[in-house]
A.B. asks: 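I have a structure I would like to understand better, so I am pasting it below and will then ask my questions one at a time.
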Amino acid sequence: MLIRCLPSSIQKSFRLINQEVRFLQIKQKVYQQNLYLQCCAMSTNKQILESSDKSMKNHVSKFSTNSNSEVSQLSEVVSQLLSMQGRTVGGIKDKLVVSSITQDKAAKQFCELYLGLDKIQRSQFLTQFAVDYKVDSENVKKVALRLADSEGSGPVAAKIHQEMKNSLTPPQNLAFSKIGQIQGGVKFLVDLRKDVIGTLKDVNPSSSDFAALKLMNSNLQSLLSYWFSMGFMAIEQVTWNSPCALLQKVSDYEAVHPVKNWTDLKTRVGPYRRCFVYTHPSMPGEPVVILHVALTETVASSITSLVRDHRSVKGFDKDQTWSGFGNTTEDPELCKAAIFYSVTSTQTGLQGIELGTHLIKQAVLSLKKEFPNLNTFSTLSPIPGFRNWLAIELTKAGRGETSPLSGTERAQLEKALETENVYLELLDVIKTSSWVGNKDVEPVMKTILTRLCARYLYTEKRRNNALNSVANFHLRNGSCLWRINWLADPSPRGMTNSCGLMVNYRYYLDRLEENSNNYLNKFTVDADGQVLELLDTKSKL
């Protein structure tokens, strides 16, 4: 077990040391007359090895006494936990039927030992756990042959069907299920899946270890999807009177538009603002998904009009920034549109489980109940990945592989940038954001960037779905690609992600089902005329 857990470089060093010692021992036996010289040589070689690899040996010693002991102990607990289930699953038979108290103790010990491991040890254990406790393929084949030879119905066939179901259930799931039943076990498994996802990134995709880890990740995701179904989720509105711990987590977890300070946070949960979170009974006080909503008169076109003192790059007009409502009392008559400007999934371990979609739907119901006349629902969404995609397109154009710009656009850029090498110069300008505030360059950039952004969101696909992950999320929900907004996020982060552009996805409640089905089955995108007109701009130039 120790050698399997050691890094390959350390294993190699061990083999070299062992070979050296064996070589010297053989030489001693063959040339006994030179025993003294050989012993000196062995001593000298040993000193050289100890001197040159001192740090390596210290690491090996520490790993041997601590890491291997902890990982081995954890593996032993896993074996004990699986032997206590009292049922045959995954080909493991002759299980010991014990008290649930004993099983809970083993599950708690598993959690304690795992949390005591460092990052490298966790990756090693998870890899070994995925490999050693996957489905027993040989046992599945045996049961499949028996199933094929049995009659189609009857008690015997039903028993074999159940045996087949059990044989296809990996032993890992038994350990996960038992851990999920103890206090804090669900949160532990969410965090453990985060570690599995992290380990997958460091493993060779073509290796058997990667395949085993990927399968274990899929199995754990399926279990978590049952535990985090809508029946277990609770929606909660966060206000300035909510517990400080919850407010702090809302601030810390905000990933789309980071919260600056408590004053900023107070604005986001104050008048004309709503903050909704999903919580789970097994994770009290822990927001699983966070949704920020702004109540406005019209569909917002800039994040600077929604977030207090939003950052902006040099050259942006500071007069466009918003500094809050002060002590203004909320007037329901002014709440004509609900703008979803930030949706954050806080748990990496719940990746791939749809929760944000359901939170938006429940938020709409809550807002409709509070404001019966509220009928306009829209997002103000970032466009992560647009600038990277644009940089690739411009690089290809510079090599003559594509032609993303029209002749008129190229002529305008040549004049504004004072260069004939338009694509390479445009690439440099975009990376530095030096065009913001430049009266000669910015108007030309606006025409080009908004058109290319419309193309990116509307036509660029990956496996028939929108290439942009945020677009794919909202379009799957049935929204409409409504409007692309110029310099809507002038912060350094916004410029890096999307050249400052943002997009509105309108949620027309009476079109959601049809739009969603068309997108999922026919791969069509419902786009407003404002976007389609941008796509036609190049042909008109």
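Because the structure is predicted, anything quoted here is derived from the model rather than measured.
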A.B. asks: For the residue pair Asp526 and Tyr519, confirm or rule out a side-chain donor-acceptor distance under 3.5 Å.
C.D. replies: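 Result is no, nothing qualifies.
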A.B. asks: Could you check whether any side-chain N or O of Gln172 sits under 3.5 Å from a backbone N or O of Ala130, counting only pairs where one atom can act as donor and the other as acceptor?
C.D. replies: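 Yes, because the side chain of Gln172 sits within donor-acceptor range (under 3.5 Å) of the backbone of Ala130.
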A.B. asks: Regarding Asn485 and Arg483, do their side chains bring together a donor and an acceptor under 3.5 Å, going by distance alone?
C.D. replies: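 The answer is yes; a qualifying pair exists.
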A.B. asks: Tell me yes or no: between the side chains of Trp482 and Tyr508, is some donor less than 3.5 Å from an acceptor?
C.D. replies: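 Note: Trp482 and Tyr508 side chains meet the donor-acceptor criterion.
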A.B. asks: Do Thr239 and Asn241 have side-chain N/O donor and acceptor atoms under 3.5 Å apart?
C.D. replies: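 No, no side-chain donor-acceptor pair sits under 3.5 Å.
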A.B. asks: Parallel, tilted or perpendicular: which describes the rings of Phe340 and Tyr507, with under 30° parallel and over 60° perpendicular?
C.D. replies: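 Rings of Phe340 and Tyr507: perpendicular, as their planes differ by over 60°.
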A.B. asks: In terms of the angle between their ring planes, are Tyr114 and Phe188 parallel, tilted or perpendicular, with boundaries placed at 30° and 60°?
C.D. replies: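 The arrangement is perpendicular - the two ring planes meet at more than 60°.
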A.B. asks: Please assess Phe228 against His280 for the test ring-ring contact (aromatic ring centres under 6.0 Å, His included), listing each intermediate value before the final yes or no.
C.D. replies: CA-CA 7 Å; Phe228 283 85; His280 191 277; 4.3 Å; yes
A.B. asks: Judged by modelled atom types alone, do Ser342 and Glu254 share a side-chain donor-acceptor pair under 3.5 Å?
C.D. replies: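 Note: Ser342 and Glu254 side chains meet the donor-acceptor criterion.
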A.B. asks: Under a 3.5 Å cutoff, is there a donor and acceptor pairing between the side chains of Asn375 and Lys368?
C.D. replies: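 Distance-only check passes for Asn375 and Lys368.
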A.B. asks: Check the pair Ile290, Phe276 against side chain to side chain contact (heavy atoms under 4.5 Å, CB included), reporting the backbone distance first and the verdict last.
C.D. replies: CA-CA 6 Å; Ile290 303 172; Phe276 298 100; over 6 Å; no
A.B. asks: Would you say the side chains of Glu286 and Tyr253 form a donor-acceptor pair under 3.5 Å?
C.D. replies: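 Yes - a donor-acceptor pair under 3.5 Å links their side chains.
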A.B. asks: Quiz question: by atom type and distance under 3.5 Å, do the side chains of Asn477 and Thr357 form a donor-acceptor pair?
C.D. replies: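 On atom types as modelled, these side chains qualify, holding a pair under 3.5 Å.
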A.B. asks: Using distance alone, with no hydrogens and no angle criterion, decide if Gln103 and Gln181 have a side-chain donor and acceptor under 3.5 Å apart.
C.D. replies: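 No.
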A.B. asks: Pair Tyr423, Thr402 - check side chain to side chain contact (heavy atoms under 4.5 Å, CB included), show working.
C.D. replies: CA-CA 11 Å; Tyr423 291 115; Thr402 61; over 6 Å; no
A.B. asks: Going by atom types only, do Arg193 and Asn217 share a side-chain donor-acceptor pair under 3.5 Å?
C.D. replies: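 Looking only at side-chain atoms, Asn217 and Arg193 do form a donor-acceptor pair, the distance falling under 3.5 Å.
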A.B. asks: Determine the interplanar angle of the Tyr341 and His257 rings, folded into 0 to 90°, and report it as parallel if under 30°, tilted if 30 to 60°, perpendicular if over 60°.
C.D. replies: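 The rings of Tyr341 and His257 sit tilted, inter-plane angle from 30° to 60°.
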A.B. asks: Decide whether Tyr278 and His358 meet the rule of one side-chain donor and one side-chain acceptor closer than 3.5 Å.
C.D. replies: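 Side chains of Tyr278 and His358: no pair found under 3.5 Å.
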A.B. asks: Would Trp240 and Arg268 count as a side chain to side chain contact (heavy atoms under 4.5 Å, CB included) if you check the C-alpha gap in whole Å, the side-chain angles of each, and the deciding distance to 0.1 Å?
C.D. replies: CA-CA 9 Å; Trp240 190 241; Arg268 300 193 192 195; over 6 Å; no
